[in-house]
Amino acid sequence: MSKKVISDYNGYDYKKIFWEDANRKYEDMSDRLAIRRLLPKKLGKFVDIAGGYGRLAKEYISRAQSATIFDYSKTELKQAKEEFGDKIHTKAGDIYSLPFKDNEFDTLMMVRATHHFKDMKKVTSELHRILKPGGVAVIEVANKRTLPKMFRYWTGRSDVNPFSKQPSHLKDIDKNGFYNYHPQYMENIFKKAGFEIIEVLSVSNFRSTTLKKMFKASTLVKMEKRAQKALAPVRFAPSIYYKLIKLDPKATK
Ligand SMILES: C[S@@+](CC[C@H](N)C(=O)[O-])C[C@H]1O[C@@H](n2cnc3c(N)ncnc32)[C@H](O)[C@@H]1O
């Protein structure tokens, strides 16, 4: 139980405050580009884990046989229902014990959520459990090894070492803190859980207040389009996207 951290978005208008009222068109488009590249064309039975109010629902609804948004926040799930009605199912609960059966889904996605989770081993094992063998998971990871974090560390402005494999817990941003993960740490967890990594993208490469002042969102998106694949091998961006396949345990015995 001590491993659990719930970032409670109930009563918080994440949609309006974080996305609509803020200058985040570039970040939103970067997520969409990555999802379009990584999600299979046909999704079958699909779940968006920690999907919030369904910001990204237009990227998957028409390709899924059925689409569910799972989240802890009933405020956000209500907003999702108001916008998408019968086109989506919603389910409330806690990521550490997902209210779904083993092998229930063909495809799942989890975006912009790992920074809230302290125990990524448990989260990954839950995601693995609810996915069918051969099913696809697209998971975005909040990366601790970014260029700005390296500069802050080298110049002594931060004592968080971006090169250490251990997760970092940044307590200055939010009362629960934000967890950031080293790509290798997460890749080991994915493999140990029984996933194969089949594609990686470097995402939100130009997430910087300075760059956003210098360039229009459309220019940054154009650059982002080229950078997501090209920069994937170095894994320096704030968001690293993984396309994983659940290996069939029978085939690997
Ligand atoms: C930053 S938002 C991202 C929402 C959505 N994936 C997106 O990209 O717009 C993080 C989401 O994680 C959810 N969350 C946080 N802790 C959770 C938990 N323990 N179980 C389920 N959802 C959780 C929050 O309610 C919130 O909707």
Side-chain angles (χ1 to χ4, degrees), residues 23-40 56 59 109-118 120-121 123-124 127 136-170 173 177-193 195-245 247:
N23 172 18
R24 290 204 166 90
K25 211 175 241 166
Y26 159 69
E27 287 86 344
D28 180 59
M29 268 312 295
S30 298
D31 285 330
R32 288 175 196 278
L33 283 174
I35 291 162
R36 285 171 201 167
R37 279 175 163 148
L38 298 183
L39 276 183
L56 300 165
E59 302 299 330
M109 172 178 107
M110 187 173 83
V111 171
R112 284 179 171 260
T114 60
H115 59 284
H116 292 312
F117 305 146
K118 184 177 179 182
M120 277 309 297
K121 273 188 201 149
V123 169
T124 305
L127 298 180
V136 169
V138 170
I139 299 178
E140 181 267 350
V141 170
N143 185 14
K144 70 176 288 197
R145 206 188 51 157
T146 64
L147 283 176
K149 285 173 195 144
M150 288 178 204
F151 285 120
R152 280 201 289 275
Y153 178 66
W154 286 328
T155 55
R157 283 183 292 147
S158 162
D159 52 14
V160 178
N161 180 353
F163 303 102
S164 110
K165 304 276 180 342
Q166 285 316 301
S168 59
H169 188 201
L170 312 168
I173 308 171
F178 277 0
Y179 297 91
N180 280 182
Y181 291 94
H182 193 289
Q184 275 174 27
Y185 175 90
M186 282 310 309
E187 288 163 28
N188 279 335
I189 288 181
F190 291 148
K191 286 177 197 159
K192 278 192 186 145
F195 283 115
E196 184 185 349
I197 300 170
I198 55 166
E199 201 171 341
V200 180
L201 292 177
S202 170
V203 175
S204 263
N205 295 282
F206 311 108
R207 189 189 295 171
S208 135
T209 319
T210 315
L211 288 177
K212 279 161 65 170
K213 276 185 196 146
M214 287 166 63
F215 299 101
K216 285 192 288 190
S218 57
T219 309
L220 292 178
V221 170
K222 237 182 238 169
M223 287 157 56
E224 174 75 19
K225 230 178 216 174
R226 289 166 182 244
Q228 288 193 344
K229 274 191 191 175
L231 297 180
V234 292
R235 297 179 179 32
F236 285 167
S239 279
I240 306 296
Y241 270 69
Y242 291 93
K243 179 172 183 172
L244 311 172
I245 286 198
L247 296 170

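The basis for the numbers below is simple: all heavy atoms, side chains too, and nothing from hydrogens, waters or symmetry mates.
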Lys/Arg-Asp/Glu bridge criterion (N-O < 4.0 Å) met for Glu27, Lys212: yes
Could you walk me through whether Leu244 and Val136 satisfy the side chain to side chain contact (heavy atoms under 4.5 Å, CB included) test, starting with their C-alpha distance in whole Å, then the side-chain angles of each, then the deciding distance to 0.1 Å, before giving a yes or no? CA-CA 6 Å; Leu244 311 172; Val136 169; over 6 Å; no
For the pair Glu187 and Lys165, find out whether any cationic side-chain nitrogen is under 4.0 Å from an anionic carboxylate oxygen. no
Looking at every heavy atom in both Tyr242 and Pro183, which two are closest together, and how far apart are they? OH-CB, 3.6 Å
Show, in sequence, the C-alpha distance, side-chain angles and deciding distance for Leu220 and Lys222, and conclude whether the side chain to side chain contact (heavy atoms under 4.5 Å, CB included) test is met. CA-CA 5 Å; Leu220 292 178; Lys222 237 182 238 169; over 6 Å; no
With rounding to the nearest 0.5 Å, note down the distance linking CZ in Arg235 to OG1 in Thr146. 15.0 Å
Do side-chain atoms of Ser204 reach the backbone of Pro238 as a donor and acceptor pair under 3.5 angstrom? no
Exam field: side chain Arg145 to backbone Val234, donor-acceptor pair closer than 3.5 Å: yes
Test item: Lys149 side-chain N/O and Asn143 main-chain N/O as donor-acceptor pair under 3.5 Å: yes
Of all residues at least two apart in sequence or in a different chain, which pass the ring pair (Phe, Tyr, Trp, His ring centres under 6.0 Å) check with Tyr153? none
Member of Ile197, Val203, Ile198 meeting the side chain to side chain contact (heavy atoms under 4.5 Å, CB included) criterion with Val200: Ile197
Cut-off 3.5 Å, side chains only: do Asn205 and Ser202 have a donor facing an acceptor? yes
Could you tell me whether Arg112 and Glu140 have a side-chain N and a carboxylate O separated by less than 4.0 Å? no
Ring pair (Phe, Tyr, Trp, His ring centres under 6.0 Å) pairs touching residues 195-237, sequence neighbours excluded, are His128-Phe195
Report yes or no: does Lys243 contribute a side-chain atom to a donor-acceptor pair with the main-chain N or O of Leu38 at less than 3.5 Å? yes
When the ring planes of Tyr185 and Tyr181 are compared, do they come out parallel, tilted or perpendicular, using 30° and 60° as the limits? parallel
Is the gap between the ring centers of His116 and Phe178 under 6.0 Å? yes
Decide yes or no for Met150 and Leu147: does some side-chain heavy atom of the first lie under 4.5 Å from some side-chain heavy atom of the second? yes
Any chance you could lay out the side chain to side chain contact (heavy atoms under 4.5 Å, CB included) test for Gln228 and Ser30, step after step, and finish with the verdict? CA-CA 9 Å; Gln228 288 193 344; Ser30 298; 4.3 Å; yes
How far apart are the C-alpha atoms of Glu59 and Arg36, what are their side-chain angles, what is the distance that settles it, and do they pass the side chain to side chain contact (heavy atoms under 4.5 Å, CB included) test? CA-CA 7 Å; Glu59 302 299 330; Arg36 285 171 201 167; 2.8 Å; yes
Going by atom types alone, do Ser164 and Lys144 pair a side-chain donor with an acceptor below 3.5 Å? yes
Centres of the Tyr179 and Phe117 rings: under 6.0 Å? no
